[in-house]
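Per chain, numbering begins at 1; letters A, B, ... match sequence-line order. FYI, side chains are in, hydrogens and waters are out, and symmetry mates aren't considered; it's all heavy atoms of this structure.
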Amino acid sequence: MSNLMSGSKILLECLVREGVDCMFGYPGGVTLPFYDAMYDHPLRHVLVRHEENACFAAEGYARSTGKVGVCCATSGPGATNLTTGLVDAMMDSIPIVALTGQVSTKLIGSDAFQEADTFGITRSCTKHNYLVKTLNDLPQIIHEAFYIASTGRPGPVLVDVPKDVFQAQGHYAPVNAIHLPGYKVHTDGHAGQIRRAAHMMWEAKRPFIYAGGGVIASEASLELTQLVETLDAPAVCTLMGLGALSSEHPNFISMPGMHGSYAANMGMTHTDLIIALGVRFDDRVTGRLAAFAPHAKVIHVDIDPAEIGKNRAADLPIVGDVKRVLSKLNKILLELAPAHAPIHADSRKAWWNQVREWKEEHPLTPEISTSEIKPQHLMREIDRISGGKAVVTADVGQHQMWAAQFIRFNSPRLWINSGGLGAMGFGLPSAIGAQFANPDKLVFSISGDGGFQMSLPELATIASYGLPIKIIVMNNGYLGMVRQWQELFYNNRLNAVTLDCFPDAEKLAGAYGFKGRTIESPADLTPALQEAVKEPGPYLLNVKVTPFENVFPMVPAGGAINEMVLGESTQPMAAAK
Amino acid sequence: MLQVISLLVENKPGALMRITGLLSARAYNIESLTVARTTDPELSRMTIVVDVEPHLRKQVIKQMNRLINVLQVADLTDSPSVARELILMRVRAPMESRPAVLKEAEIFGARVIDSSLEGFALEATGDSEKLDEFIDVMRSYGEIEVTRSGTVAVMMEARRLRLSSPVPTKNATNPQTTIDNGVLNA
């Protein structure tokens with residue numbers, strides 16, 4: 001089967017074959033032929049207001065569904081604007097296919113109008129990238145791009161398409177196979193290693209499960225829950241892994257690391273076996289690496305061999321897809337249970353008692369005041385409304401940490417934030433993608449007043465498509481996390497962190513044609529949130545919170561994770577136990 | 001510490017950039033890099049010598065293995081292998097020192113590939129330390145100019161090349177999608 005088609009139409013055909021139903025983009029000179037072909041094509045194109053946000057929206061789509069998110073930008077500035085989103089997707093292993101236009105092949109290298117070396121620039125921002133030189137290569141490359149983005153450790157793939165390739169006419173023959181001889185996807189996990197892991201798990205007296213974004217990427221929540229229950233071990237989920245194990249599961253402790261709970265970090269410090277699943281021992285989790293989990297052996301399961309042993313040596317490495325590895329492992333654990341589970345049952349009971357004691361000693365409790373809205377109080381109220389079911393997107397900074405501490409996520413793909421890269425401005429556009437992917441779900445976009453203003457133009461996109469996103473601005477008038485560090489580590493010499501002249505939220509939202517409101521009294525918090533949720537369309541709620549609230553617990557940079565600062569009045573304390 | 005890495009790479013645009021970019025992104029210094037086609041024109045063989053802390057050597061190999069255009073990576077630093085380097089040298093040699101220059105060249109196994117009134121062009125191969133000595137000796141005779149190829153190495157043990165097999169694309173079994181009538185029939 002073959003018929004004469006333009007490159008643009010062939011590209012659209014390939015996207016349809018990959019199951020793409022929606023893409024986020026911004027047109028420009030060299031993508032004109034592509035947008036022309038889209039004119040009478042049913043594939044949905046969502047026009048955002050900045051290319052960076054096209055990539056963030058595609059990420060919101062991908063993170064909330066597990067499907068590949070697609071974004072599109074023109075050459076030159078369009079492509080360079082995508083790069084922050086690409087790096088973000090790279091850091092958090094999110095499957096994205098980015099399509100960029102390029103100047104015609106004859107003009108490449110001539111410093112033509114809106115020419116940039118997109119292929120060179122995005123080399124380090126992507127899992128792989130392509131420059132399509134002839135129409136013949138286009139279908140193959142598009143299918144390879146989707147395959148690479150979505151398999152193994154997911155990531156962004158960019159395809160740069162010159163204008164004349166969009167315009168060229170060619171016979172389209174569907175591509176039926178992808179052959180990437182050098183692309184190694186490790187999925188199954190070594191059977192012997194898995195069996196050894198099961199033995200180590202029963203031999204441990206103080207096991208501790210450390211689950212990350214890889215569990216969500218491999219859709220292994222069910223298997224993780226089975227593991228947690230078979231072993232009856234305490235479990236933490238990283239910032240990227242929140243929701244992999246339900247926040248309401250009795251074995252769920254919290255997030256570990258720099259702003260993790262006391263119990264999570266003490267557990268990590270005192271465990272004798274870390275069961276690390278789809279994690280990368282990020283510095284925000286481990287603190288000072290040399291002091292991290294000094295008594296623990298490590299079982300490390302990851303699909304990317306390069307993650308194993310990168311930061312912390314693994315006593316038992318298993319290279320494989322977490323879901324596949326855990327489903328085998330769970331079976332073996334159950335087989336071994338009758339003979340092995342009782343051996344250390346008493347030690348494990350004592351360990352659980354210890355972990356519960358830590359939880360009770362320093363629980364994560366929201367500060368609540370009657371005179372001002374504490375940011376933790378705001379998160380608690382959002383949590384109450386969400387009931388663990390809403391999609392919540394966030395930027396980076398104080399609001400992100402408080403949201404992660406106080407909002408429950410009872411299933412994966414609800415918590416969407418910029419984890420590895422820590423990109424401000426991520427929350428609002430990623431909520432757009434998440435809402436398009438989940439039209440019936442309640443979506444909260446939570447930002448600080450800093451990050452919100454970085455993606456302010458997207459209010460137009462939200463208004464234009466009538467997306468019922470509940471936009472919550474946690475407004476403390478500062479770049480809160482930077483201010484916190486200046487206060488704690490730079491003698492309170494606050495510099496370049498004051499965000500004055502925040503617009504009137506009611507007028508701002510009104511200017512875009514939807515409702516908005518500013519509140520500052522705790523009494524208004526619950527009714528205002530309820531009003532926002534009840535509103536069928538978008539709603540902007542600007543919540544003025546205590547300006548000088550700091551996020552605790554906190555592990556100072558370079559500190560060991562058991563050396564947490566617990567609160568304003570608490571001195572840094574080392575674990576004595 | 002110097003690590004010698006041998007790579008088999010698909011001869012595709014950007015492949016070299018991906019490898020050097022990976023090294024520079026991790027702030028490793030490249031000591032030398034050679035690349036040329038193999039007997040299969042679709043593939044290139046590279047030898048890279050890179051300055052890496054010993055405990056990071058494995059990580060470098062793993063990172064290179066992640067690259068889609070890389071078919072095989074081997075750390076030759078401690079495994080049985082042969083490494084050689086080629087140098088081309090122009091040495092200024094007035095009449096009175098010419099016999100001595102030729103004698104030294106002979107000792108180092110260098111060949112004269114050109115001769116002129118000014119001096120000689122010499123070619124020598126060997127391991128890098130031996131070539132360093134050769135350069136030092138020749139410099140004592142007068143002005144020289146040297147081009148080094150960088151190390152090329154070959155593994156002494158055959159290693160099986162593990163390649164991924166083709167996989168079907170989505171909808172490969174149902175290629176009936178059409179876009180022309182404006183309706184998706186996926």
Exercise. Where on N129(A) is there a heavy atom nearer than 4.5 Å to chain B: the side chain, the backbone, both, or neither?
Worked result: both
Exercise. Which atoms form the tightest heavy-atom contact between V175(A) and T169(B), and what is the distance?
Worked result: O-OG1, 2.6 Å
For this session: Provide the closest heavy-atom pair for I68(B) versus K127(A) in the form atom of the first, atom of the second, distance.
Result: CD1-O, 4.1 Å
For this session: Please state whether the side chain, the backbone, both or neither of L131(A) comes within less than 4.5 Å of a heavy atom of chain B.
Result: neither
Seminar exercise, completed: Counting heavy-atom pairs under 4.5 Å with chain A, the top scorer among R18(B), Q63(B), E10(B) is R18(B)
For this session: Side-chain contact test, heavy atoms from C-beta onward, threshold under 4.5 Å: evaluate it for L71(B) versus P181(A) and give yes or no.
Result: yes
For this session: Pick one of side chain, backbone, both or neither for H143(A), based on which atoms fall under 4.5 Å of a heavy atom in chain B.
Result: side chain
Problem set entry | Neighbour count above 12 (heavy atom, 6.0 Å) for K133(A) NZ | no
Exercise. Just wondering, more than 12 heavy atoms not from R111(B) lying within 6.0 Å of its CZ?
Worked result: no
Seminar exercise, completed: Smallest heavy-atom separation, P13(B) atom then F119(A) atom, equals O-CZ, 3.7 Å
Exercise. Between N69(B) and H128(A), is any pair of side-chain heavy atoms under 4.5 Å apart?
Worked result: yes
Problem set entry | Residue I61(B) versus chain A: region with a heavy atom under 4.5 Å | neither
Exercise. Does atom CD of E96(B) have more than 12 heavy-atom neighbours, drawn from other residues, nucleotides or ligands, at distances under 6.0 Å?
Worked result: yes
Seminar exercise, completed: When every non-hydrogen atom of L22(B) is compared with those of R123(A), the smallest separation belongs to N-NH1, 3.7 Å
Exercise. Under a 4.5 Å heavy-atom cut-off, does chain A meet the side chain of R66(B), its backbone, both or neither?
Worked result: side chain
Problem set entry | Backbone N/O of R162(B) and side chain of K184(A): donor-acceptor pair under 3.5 Å | no
Problem set entry | Atom CD of E53(B) with >12 non-hydrogen neighbours under 6.0 angstrom | no
